[in-house]
Amino acid sequence: MRHRLTKKSGNFSEWLIQKLLLLAGISSMLIMALIFVFLFKEAVRFFFTANPFDLIGKWVYDDWEGHYVFKMMWQSISEVPKYSLIPLICGSLLVAFPATVIAGVLGLGCAIYLSELAPSKVREILKPTLELLAGIPSVVIGFVMLAFIATFIQNTFHTKFRLNAFVGACGVALAVLPIMITIAEDAMRAVPKDLRDASYALGATKWQTVWGTVVPAAVSGISAAIILGFGRALGETMIVLMATGNAALVTGNIFSSVRTMTANIAAELGSVAQGSEHYYALFLVGAVLFTFTFVLNLVSEIVLNKMRQKLRM
Amino acid sequence: MLIAEENQGIGEKTNMGTRTLAGGVLSDREDVTRNPIKIFTRELDMYYGAVRALQGITAEIKERAVTALIGPSGCGKSTFLRTLNRMNDTIPGARIEGTVMIDGVNIYGADVNVAALRRMVGMVFQKQNPFPKSIFDNVAYGPRLHGITDKAVLEHMVEESLKKSAIWDEVKDRLDTSAMQLSGGQQQRLCIARVLAVGPEIILMDEPASALDPLSTAKIEELIHQLRKNYTIVIVTHNMQQAARVSDFTAYFYMGSLVEFGETKTIFTNPTKKETEDYITGRFG
């Protein structure tokens, strides 16, 4: 018999649990990698049949004008299908940018209030309420936007189209607000008490301390919150599908109807013939979207790491 | 008998200074006992919620002198220090009774401007806490708070403050680099410069050298010796020798009470209370 000190520690169940957890960890990574591979594999096949230049626009003979014109359009089911990504990217940005601005201003204000000013009782109520907001299904936000807010916005701003980029942006702002508040607030709470004390001891008021010390020290975390929020806003689908009007236009007018990359995929992929040019074009849109959000997430992660290093004294 | 032998020569003048109970010698320095009173506390009680952290502290702190607060951990010396610039205000549940007078004004009075008070009573913390900003911006932080925006004026103030805190020569060529790149001792002197830049009359120091190596500690002590000529300094320290070296007056705190308060020379050579002697000689604490 072996001595109790040389006996191997652990037993079979210990070993099994460890391996299962390892499997869970690996499989989530594996699924991510497979999605990535699948998406890009299908997207690349677009180039087997189409000209890469089609992604920007196409020279099309215009019967009305009587000559060829360069058209940047997404018209996937027309006699001459057009797969320009320009109107879709334009639509996505026209929704995601204003949404990030709205959510950024509201979210930063809310985060400052929560982390620096709110009495603990108010915080105890406000924080879970905000987390509930994150739990609202996006289809519900989209529905409210479509049915009520759109009319209100049209009456207020006298817009030509009832459903437009701004309505979508307001809805998306609501959807990304909770994550932005959470990250920005975490960043501000991570600023050491030492720094606040130093500021107060120099005769700073509460607001001077928040604005002069806490926010600058947490600026990377706040930037990360904004970048991540922008990524989420780009990826948001249901709200924009319902509230933006879905006209694939190249425009800079925020009150114009637009079609985003996400809404485009959601609207068309269900009815497309598998293996067709159109099918691959939609995957290409997906790949572009994926690249956008992947880069944004990566940048926000790097920025957050920088901040953690900076605050480590 | 043994103790008496050990203590032989205590209080005696040597050619270097006066020998103390804690070992080492007190350097001879000019007499500050006739200086006017800067801070006066009467029957000062301090509560954290229901816990009474200070009990009836009555003390007089002299102007342009160094007063050391000593005592075992948790005895209330840091708490007392922080009542002098109302830093305890930031702690929820902290409450105070009694009076703290600075220049004859009760700083807990209803009409006191806390920001102005803290400008007058600066504070250096135990752990050096520079802002994650440039060296220049660290020192300019205080003046900027109080409305100074003129670049030339700020530059002058920064230079003066850094010179007074004996760090100018080390950083003058890199004022725009991050303060986080400085060594611990340099950071602490930078924090002192940051305090000096707002033009205080009193400087509170909460164990300013406890996180520093001996060489940096020596520099801080030398700096305290310099600043003493123009500022009223109150310093909390765990280091008996340090208290003996840097201070003119010493207050011994125990369990939230002020046990003994007097000239450092007296406290360290001939304390009136048995507890003080026990603590100073290291038999307790």
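Every heavy atom of this structure was used, including side-chain atoms; hydrogens, water molecules and symmetry mates were not. Below, chain A is the first sequence line, B the second, and so on; all start at residue 1. As the structure is a computational prediction, the values presented were derived from the model and not from experiment.
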key: Over all atoms of both residues, closest heavy-atom pair of Leu202(A) and Phe131(B)   = CD1-CE1, 4.2 Å
query = At their closest point, which heavy atom of Gly203(A) faces which heavy atom of His146(B), and how far apart are they?
reply = O-CE1, 3.5 Å
ask   = Arg82(B) versus Asp197(A): any side-chain heavy-atom pair under 4.5 Å?
value = yes
ask   = Around Tyr108(B), counting heavy atoms of other residues, nucleotides and ligands shown, do more than 12 lie under 6.0 Å from its OH?
value = yes
query = For the atom pair OG1 (Thr213(A)) and CG (Leu145(B)), what is the distance rounded to the nearest 0.5 Å?
reply = 7.5 Å
ask   = Quick check: are there more than 12 heavy atoms from other residues, nucleotides or ligands sitting under 6.0 Å from CH2 of Trp207(A)?
value = yes
task = For the pair Asp194(A) (side chain) and Asn129(B) (backbone), establish whether a donor and an acceptor sit closer than 3.5 Å, ignoring hydrogens and angles.
result = no
message = Within this structure, what is the CG-NZ distance for the pair Leu195(A) and Lys133(B), rounded to the nearest 0.5 Å?
response = 9.5 Å
inquiry  = Whether the Ser199(A) and Tyr141(B) side chains hold a donor-acceptor pair (N or O, under 3.5 Å, no angle test) is what I'd like checked.
reply    = yes
key: Heavy-atom closest contact (Pro132(B) atom, Ala217(A) atom, distance)   = CG-CB, 4.1 Å
Within 6.0 angstrom of Arg232(A) CZ, more than 12 heavy atoms from elsewhere = no
task = Working to the nearest 0.5 Å, report the span between NZ of Lys127(B) and NZ of Lys193(A).
result = 12.5 Å
